[in-house]
Amino acid sequence: MKETGFVKEIASQEEAFSQWYIDVVKKADLADYTSVKGCMVIKPYGYGLWENMQHCLDRRIKATGHKNAYFPLFIPESLLKKEAEHVEGFAPEVAWVTHGGSEKLEERLAVRPTSEAIIGSLYSKWIKSWRDLPVLINQWANIVRWEKVTRPFLRTTEFLWQEGHTAHKNREEAEEETLKILNVYKDYIETDLAIPVIIGRKSDNEKFAGAMHTYTLEALMGDGKILQAGTSHNLGQNFAQAFDIRFLDENQQEQYVWTTSWGTSTRLVGAIIMVHGDERGLKLPPQVAPTQIVLVPIFFDKSKKEVMEKTREYKRLLEEKFRVELDDRDSYTPGWKFNEWEMKGVPVRLEIGPRDLAEKQVTAVRRDKGNKIAIPENELVPALEKWLNDIQNNLYIQARTRLEENIRFTENYEEFKEIIKEKLGFIKAYWCGDELCENQIKAETKATIRCISLEEQQGKGKCIFCGKESTTQVYFGRAY
RNA sequence: CGGGGUGUAGCGCAGUUUGGCUAGCGCACCUGCUUUGGGAGCAGGGGGUCGGAGGUUCAAAUCCUCUCACCCCGACCA
């Protein structure tokens with residue numbers, strides 16, 4: 001697909017995937033670096049994408065009975081310390097506030113690395129009776145984790161996310177919630193972002209610090225590496241005990257609540273880039289693209305007035321149904337604009353020139369397949385509606401096909417190592433459940449257990465590392 | 001955090017080895033004219049704390065010390 005003259009401003013995806021990623025982030029105008037290490041600006045085009053993603057997910061979160069709230073950015077050290085495993089897990093990446101103005105604080109404040117602690121302390125105040133349950137709250141917030149290695153969207157010091165925090169009266173209800181959210185996420189990521197995911201449970205090694213267990217969604221990127229796209233934690237009663245969240249049940253028995261937490265972040269923007277992008281730049285799923293259709297007028301001196309009038313008329317018509325941009329900049333040639341909008345991943349481009357006016361049509365080009373057709377003026381809206389649907393589906397199918405082609409089953413460790421070395425992707429294998437095998441595989445191949453399959457187990461096999469018989473199938477991969 | 005690399009105009013780079021005249025080039029930007037169906041042409045013009053701080057020197061983009069940011073590889077990472 002790489003052609004001379006085009007896409008010369010970004011690295012080749014095939015030759016230098018990580019450089020390509022950074023180039024696309026900058027050239028598509030999604031984000032920019034700042035003077036603070038690991039902190040990026042999300043520019044209007046990137047933020048527009050994030051807002052659409054937020055909207056899609058927020059709808060789903062609310063449709064399942066949750067309400068939004070906002071909790072403080074600062075967490076007193078004493079609160080964070082209450083759950084031992086939790087604080088230990090986050091300690092290396094917490095940023096601390098030690099001074100207010102010039103006065104030293106009596107107790108230092110953590111800039112939230114996640115909000116279980118602060119929210120737990122408040123739930124303890126709010127929950128007294130079984131009638132107060134369940135509590136179903138979500139918040140959209142910024143998070144700070146002092147990362148050593150940062151990359152735009154994928155791992156930044158400050159990032160944006162949503163985190164749900166719920167409290168329930170028993171184990172079953174909490175587990176049901178954890179799985180419900182897992183499926184809300186799956187539906188959102190697959191339907192709106194057109195990214196197929198593998199869902200499963202994290203091994204104890206990989207689970208959230210302080211959780212009973214963690215469910216995860218794992219996605220395959222264009223370079224064969226795996227990105228964790230979201231997690232949903234069943235916290236059991238660990239945080240309830242640490243933060244003293246108790247209630248009186250129907251039988252007047254005092255009990256600890258069962259809590260869950262779950263999150264997805266701006267990291268998903270990185271996933272969209274790396275799953276759908278190609279040598280020409282971004283490819284955005286129509287559902288979340290800030291601009292779904294761009295209109296590019298093509299005119300000569302004689303035809304300028306006519307063409308512009310018609311283009312504006314189309315814009316007004318299309319704006320009623322779609323997110324539309326009219327590129328009427330005088331200083332760029334149409335060819336330049338074509339390349340720029342392709343870099344930015346706009347799903348459909350409409351070209352309107354004298355020939356189109358004469359034929360009562362517009363020339364339409366799809367970003368995903370690159371094919372160009374003429375759409376008669378009176379069929380424009382339904383035709384574009386269909387196209388955007390097709391593009392959304394096609395992006396998903398392409399990603400799905402690649403995912404399926406890159407899930408390899410093996411019971412042979414030599415083959416396992418070969419796959420990691422040559423092809424990457426997911427490796428499906430049996431695992432005995434022993435942490436020692438897991439760690440040894442990681443040390444030797446850098447592959448980790450991305451998740452333990454939730455699928456019905458069929459038969460038995462031998463642990464990929466030690467050979468012991470097992471019924472547990474897991475997905476391995478090299479993770480971002 | 002360890003090893004390596006880079007930092008000079010908005011972007012990409014040359015100049016640094018061997019200190020020396022007004023710090024250059026391409027693209028982008030501004031003005032004018034001609035252009036416009038896949039990155040237009042000509043002419044003129046504007047833009048620099050050479051990442052930052054300190055030092056050596058008659059003189060520093062260039063040499064020395066410290067520091068910051070970014071990239072690659074590794075370690076770490078719910």
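Proteins come first, then strands; the chains are lettered A, B, ... in the order of their sequence lines, and each starts at number 1.
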### Task
Determine whether any donor atom in the side chain of A:E342 lies under 3.5 Å from an acceptor atom in the base of B:G38, or the reverse, and answer yes or no.
yes
#### Entry: Contacting residues from residues 71-85 of chain A, given that a heavy atom lies under 4.0 angstrom of RNA chain B
none
Are any protein N/O atoms closer than 3.5 Å to N/O atoms in nucleotides 4-8 of chain B? If there are, list each pair with its distance.
none

### Message
With a 3.5 Å limit on both atom pairs, tell me what B:A23 is paired to, counting Watson-Crick and G-U wobble, or say none.
### Response
none
### Summary
A:K372 atom NZ is separated from B:G37 atom C1', nearest whole Å, by 7 Å
#### Entry: A:W336 side chain to A:N339 backbone, donor-acceptor under 3.5 Å
no
Protein N or O to nucleotides 27-35 of chain B N or O, pairs below 3.5 Å:
from, atom 1, to, atom 2, distance (Å)
B:C29, OP1, A:Y332, OH, 3.3

Do any N or O atoms of the protein come closer than 3.5 Å to N or O atoms of nucleotides 68-70 of chain B, and which pairs are they?
from, atom 1, to, atom 2, distance (Å)
B:C70, OP1, A:G38, N, 2.9

### Message
Checking A:V94 now: which residues fulfil side chain to side chain contact (heavy atoms under 4.5 Å, CB included) with it, not counting sequence neighbours?
### Response
A:L80, A:F90, A:W96, A:A110, A:P113
### Task
Using Watson-Crick or G-U wobble geometry with both distances below 3.5 Å, tell me the partner of B:U31, or none.
B:A43
### Query
When you compare B:U6 with B:U16, how far apart are their C1' atoms, in angstrom units rounded to a whole number?
14 Å
Which protein N or O atoms sit under 3.5 Å from an N or O of nucleotides 11-13 of chain B?
none

### Query
Can you find a side chain N or O atom of A:R155 that sits less than 4.0 Å from OP1 or OP2 on B:C76?
no
### Rounded distance in Å - CZ (A:F338) to P (B:G39)
9 Å
